[in-house]
Amino acid sequence: MSEVPAIRSAGGPPALQIVIVNWNTGDELRRCIASIREAAREGVALESVTIVDNASTDGSCDGLEAAGVPVRLVRNTDNRGFAAACNQGARLSGSAYLLFLNPDTQLRADSLRVPLAYMDDPAHAHVGICGIRLLTESGQPATSGARYPSLRVFLGQVTGLTRVLPSVFPRHLMDADECAARGVVDQVIGAYFLIRRPLFDTLGGFDERFFVYFEEVDLSLRAAQRGFVSFCLGTVSAQHIGGHSSNQVRALRLFYSLRSRLLYAGKHFRPASRLGLVALTFLIELPARLLRAVLGGSLPEAAETVRAYRLLLREGWDLRVPPSHSGLP
């Protein structure tokens, strides 16, 4: 395991900075802030709740300074993307731990205290990233962890072979039972992503070429390459609704998902697997999406698919820089 410098609070509990990236999430953000205020904070020095707003137009950030927690609000004049906004917020603090929290997440009583105590235990020094058990809006167990994606994982997902031969074509997202059984996972879901700041800084933060999607799995893999594991702590939970921002712009959501997938492959796959993913994306997935939309009588879905792939062809191939579009967090 590679060594990273430790940051310790002087004679007190570990300092925590929470970073939330917001884009037109309405009342979800306020409910998230309220849950932070109500969460138990014994043994936690909450330095700040840094909200980086990516040019929202719905007034979701108005009045948050009076929310009862130490809010630091940053208003971007344009949408910088999720990874860039996370890095922007993280630079505003020197706390020992960083918690990246989605605005559609609501904490429970022990959602801060228990994970911080777990991470601060010297016996868990090898754990670089910690997540917790996520629940749906109705309180049912949700996906809390994921596997590192591979060409085989993507092939099973696109073709449906994951449902037929799960042992050969495993799912990217793990189900709740898998997460509960394993503890150590490849990646915890980014809705609640607690990381040691020295590790985050050593890794250079999130790769800002990922406008949104796959930035957390890329960071998790780079942490693992330095000897640090990701752990899903099943003894505490938080509610995660999911998809609020991205549901507002579905064609762009598909574009960014496909582009980030190709970027991830470009960074971490072997050349043959990269080429295989490109072929899978255009020669199998595109026709399959269009056929499903047409057979289902959803012409808007077909139109959104065509728009997403046109964007991918037009501006998705220069993976050295973030895309110029900015329709998601």
Side-chain angles (χ1 to χ4, degrees), residues 1-10 12-21 43-50 52 81-102 105 111-132 134 144-149 179 182-210 212-233 236 238 260 263-264 267-268:
M1 182 176 69
S2 300
E3 293 295 327
V4 296
I7 297 178
R8 301 295 305 172
S9 303
L16 172 69
Q17 180 195 14
I18 299 176
V19 178
I20 302 173
V21 177
V44 179
L46 182 58
E47 182 180 289
S48 69
V49 178
T50 303
V52 183
F82 182 78
C86 283
N87 290 344
Q88 181 183 5
R91 285 193 290 268
L92 299 178
S93 168
S95 60
Y97 295 94
L98 284 163
L99 172 59
F100 296 98
L101 192 66
N102 278 12
T105 302
S111 298
L112 296 179
R113 182 181 63 82
V114 173
L116 261 292
Y118 176 86
M119 292 288 279
D120 217 45
D121 185 336
H124 304 143
H126 64 293
V127 178
I129 301 167
C130 183
I132 62 177
L134 299 177
S144 303
R147 297 177 177 86
Y148 295 132
C179 293
R182 293 181 58 178
V184 173
V185 296
D186 290 343
Q187 170 220 333
V188 301
I189 298 303
Y192 184 109
F193 195 91
L194 177 65
I195 185 170
R196 301 180 188 277
R197 174 178 291 278
L199 176 60
F200 185 80
D201 291 343
T202 298
L203 295 173
F206 291 109
D207 185 339
E208 297 185 6
R209 291 175 295 172
F210 294 95
V212 67
Y213 302 127
F214 286 87
E215 71 288 323
E216 76 269 47
V217 65
D218 169 71
L219 187 69
S220 300
L221 178 57
R222 290 188 284 126
Q225 290 168 344
R226 288 181 173 266
F228 292 90
V229 304
S230 295
F231 191 89
C232 185
L233 191 63
V236 289
S260 292
L263 173 58
Y264 181 88
K267 288 188 67 174
H268 301 297

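Numbering starts at 1 and runs along the sequence shown.
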What's the separation between atom OG in Ser220 and atom CG in Leu203, rounded to the nearest 0.5 Å? 9.5 Å
Kindly give the heavy-atom pair with the smallest separation between Ala238 and Ser111, and that separation in Å. CB-OG, 4.3 Å
Going through the distances and angles, do Leu219 and Phe200 end up as a side chain to side chain contact (heavy atoms under 4.5 Å, CB included)? CA-CA 8 Å; Leu219 187 69; Phe200 185 80; 4.0 Å; yes
Test of understanding: with side chain to side chain contact (heavy atoms under 4.5 Å, CB included), list the residues that count as partners of Val236, not counting sequence neighbours. Asp110, Val114, Pro115, Ile132, Leu233
How long is the gap from CG on Leu99 to CG on Leu116, to the nearest 0.5 Å? 8.0 Å
Any side-chain heavy-atom pair from Tyr97 and Arg197 closer than 4.5 angstrom? no
Backbone N/O of Val217 and side chain of Tyr264: donor-acceptor pair under 3.5 Å: no
Once salt bridge (charged side-chain N to carboxylate O under 4.0 Å, His left out) is applied, do any residues pair with Asp207, and if so which ones, sequence neighbours excluded? Arg209, Lys267
The criterion is side chain to side chain contact (heavy atoms under 4.5 Å, CB included); which residues satisfy it with Ser260, sequence neighbours excluded? Phe210, Tyr213, Phe214
Of all the heavy-atom pairs spanning Ser144 and Cys232, show the shortest one and how long it is. CB-SG, 3.6 Å
Check the pair Leu194, Leu16 against side chain to side chain contact (heavy atoms under 4.5 Å, CB included), reporting the backbone distance first and the verdict last. CA-CA 9 Å; Leu194 177 65; Leu16 172 69; 3.9 Å; yes
Please report the interatomic distance CD1(Ile195) to CD(Glu216), rounded to the nearest 0.5 Å. 11.5 Å
Evaluate the side-chain proximity of Phe228 to Ile129: yes if any heavy-atom separation is below 4.5 Å, no if none is. no
Supply the atom-to-atom distance Asp186 CG to Tyr148 OH, rounded to the nearest 0.5 angstrom. 5.0 Å
On a heavy-atom basis, which atom in Gln225 and which in His268 lie closest, and how many Å separate them? NE2-ND1, 4.4 Å
Just how far is it from atom CZ of Arg222 to atom OG1 of Thr202, taken to the nearest 0.5 Å? 11.0 Å
Side chain to side chain contact (heavy atoms under 4.5 Å, CB included) evaluation trace for Asp218 with Leu263: CA-CA 10 Å; Asp218 169 71; Leu263 173 58; over 6 Å; no
Exercise answer: donor-acceptor pairs, residues 82-94 side-chain atoms, under 3.5 Å, sequence neighbours excluded:
residue, atom, partner, partner atom, Å
Asn87, OD1, Phe206, N, 3.0
Asn87, ND2, Phe206, O, 2.8
Asn87, ND2, Glu208, OE2, 3.0
Gln88, OE1, Asn76, ND2, 3.0
Gln88, OE1, Arg80, NH1, 3.1
Gln88, NE2, Asn76, OD1, 2.9
Ser93, OG, Glu47, OE2, 2.2
Ser93, OG, Ser95, N, 3.1
Ser93, OG, Ser95, OG, 3.4

Apply side chain to side chain contact (heavy atoms under 4.5 Å, CB included) to residues Leu101 and Tyr192 and explain how you reach the verdict. CA-CA 5 Å; Leu101 192 66; Tyr192 184 109; 3.8 Å; yes
